[in-house]
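Below: one structure, written as structure tokens.
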Amino acid sequence: MARIMSSPYIGYLIVQGNYKWALGGCVVFGLTDALDGFIARRYNMKSFVGSILDPAADKVLMTTLTLALAYNGLLPTTLAAIIIGRDISLSLAAVVIRWATLPPPKSPKRYFDLSIPSVEVRPTLISKWNTALQLLLMATTLASPVFGVPADHVYLLALQWATGATTVASGIGYLTSKDAVHRLTKAEVAKRIPKPHILPKKK
């Protein structure tokens with residue numbers, strides 16, 4: 001939740017030209033995210049809600065960085081539109097898929113109940129490459145004014161083209177691939193729904 005709440009402030013720092021502080025905040029976020037992931041794996045503390053909130057926090061931060069950097073002219077607006085457009089398209093598709101795959105009885109309350117899973121998203125290979133390229137692009141673009149690297153540097157331009165191409169490809173892949181979205185069976189849903197804790201009866 002800290003990343004979600006702090007992302008607008010990071011965007012504000014970028015818009016105001018405080019790139020050093022914004023870069024420092026992103027570094028802190030990256031380190032704490034890595035630490036959280038290590039602790040969750042080490043002590044088996046993974047949860048369904050956490051699996052939803054963690055990528056959501058990453059997406060909020062990435063969207064904030066994309067918009068702020070494009071606003072300041074450090075990122076091409078066309079590329080920013082491609083990145084944001086893909087995310088909006090996938091989000092709209094997720095809304096439809098969630099309702100279509102929700103186990104009966106269907107209701108708005110059950111729709112927003114994150115403890116009731118209905119589908120499993122399996123990242124494609126191209127989407128993994130795209131995620132890595134987007135992270136690298138945002139980091140290098142944000143760091144470029146800090147270290148005096150021009151926004152039109154050849155390496156940044158090459159990274160922008162690669163990110164744009166994989167963003168389009170990954171979006172098409174998610175919408176057309178049969179393996180990207182797996183509809184959970186009744187047995188799989190039953191296994192993932194947390195069972196209520198029943199206290200032992202007093203004798």
Side-chain angles (χ1 to χ4, degrees), residues 1-43 45-95 98 112-114 121 123 127-153 155-157 159-160 162-164 166-167 170-171 174:
M1 288 300 292
R3 273 175 292 162
I4 295 177
M5 298 297 292
S6 302
S7 291
Y9 183 64
I10 295 294
Y12 171 78
L13 290 174
I14 295 173
V15 170
Q16 294 299 314
N18 295 323
Y19 300 115
K20 288 183 179 180
W21 284 100
L23 181 61
C26 289
V27 170
V28 171
F29 285 155
L31 293 175
T32 55
D33 185 40
L35 180 61
D36 289 344
F38 171 77
I39 293 175
R41 291 189 298 271
R42 179 67 175 80
Y43 298 100
M45 297 171 63
K46 297 180 181 179
S47 67
F48 176 73
V49 175
S51 69
I52 297 295
L53 291 179
D54 193 53
D58 292 337
K59 186 56 63 180
V60 169
L61 179 59
M62 289 294 291
T63 300
T64 301
L65 290 174
T66 301
L67 293 174
L69 291 170
Y71 181 84
N72 274 21
L74 296 175
L75 199 67
T77 54
T78 302
L79 178 57
I82 290 174
I83 294 174
I84 301 300
R86 188 206 71 153
D87 290 343
I88 292 176
S89 299
L90 293 180
S91 297
L92 292 175
V95 170
R98 169 64 173 170
F112 292 103
D113 188 346
L114 298 182
V121 178
S127 72
K128 292 179 180 179
W129 277 104
N130 176 247
T131 299
L133 286 171
Q134 282 194 25
L135 288 171
L136 181 59
L137 176 63
M138 297 305 160
T140 53
T141 302
L142 181 55
S144 62
V146 177
F147 297 100
V149 178
D152 59 350
H153 194 282
Y155 292 116
L156 281 176
L157 294 177
L159 187 56
Q160 290 170 5
T163 302
T166 55
T167 298
S170 64
Y174 270 123

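- Rounding to the nearest 0.5 Å places CG of Asp87 at 5.0 Å from OG1 of Thr63.
- When all heavy atoms of Ile82 and Gly164 are compared, the pair lying nearest together is CG2-O, 4.2 Å.
- To the nearest 0.5 Å, atoms CG (Asn72) and CG (Leu67) are separated by 11.5 Å.
- Considering CG of Leu13 and OG of Ser6, their distance stands at 10.5 Å, rounded to 0.5 Å.
- When side chains are defined from C-beta on, Leu65 counts as touching Cys26, because their heavy atoms get closer than 4.5 Å.
- In this view, Leu79 and Leu75, Pro76, Ile83, Leu137, Gln160 satisfy the side chain to side chain contact (heavy atoms under 4.5 Å, CB included) rule, not counting sequence neighbours.
- The nearest pair of heavy atoms linking Leu23 to Ala139 is CD1-O, 4.5 Å.
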>> Using the rule given for side chain to side chain contact (heavy atoms under 4.5 Å, CB included), can you reason through Met62 versus Leu135, listing the C-alpha separation, both sets of side-chain angles and the distance that settles it, and then say yes or no?
In response: CA-CA 8 Å; Met62 289 294 291; Leu135 288 171; 3.7 Å; yes
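- The shortest non-hydrogen separation linking Leu142 to Tyr19 is CD1-CD2, 4.0 Å.
- You'll find the side chain of Val149 stays beyond 4.5 Å of the side chain of Tyr155, heavy atoms only.
- Met138 CE to Thr141 OG1: the interatomic distance, rounded to the nearest 0.5 Å, is 6.5 Å.
- Separating the CH2 atom in Trp21 from the CD1 atom in Ile10 is a distance of 11.0 Å, to the nearest 0.5 Å.
- For the atom pair OG of Ser170 and CG of Leu90, the computed distance is 7.0 Å after rounding to the nearest 0.5 Å.
- Between Leu156 and Asp152, the closest side-chain pair of non-hydrogen atoms is not below 4.5 Å.
- Taking all atoms of both residues into account, the shortest heavy-atom contact from Ser7 to Thr64 is O-CG2, 3.2 Å.
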> After noting the C-alpha distance and the side-chain angles of Arg86 and Asn130, does the key distance pass the side chain to side chain contact (heavy atoms under 4.5 Å, CB included) rule?
Replying inline: CA-CA 12 Å; Arg86 188 206 71 153; Asn130 176 247; 3.3 Å; yes
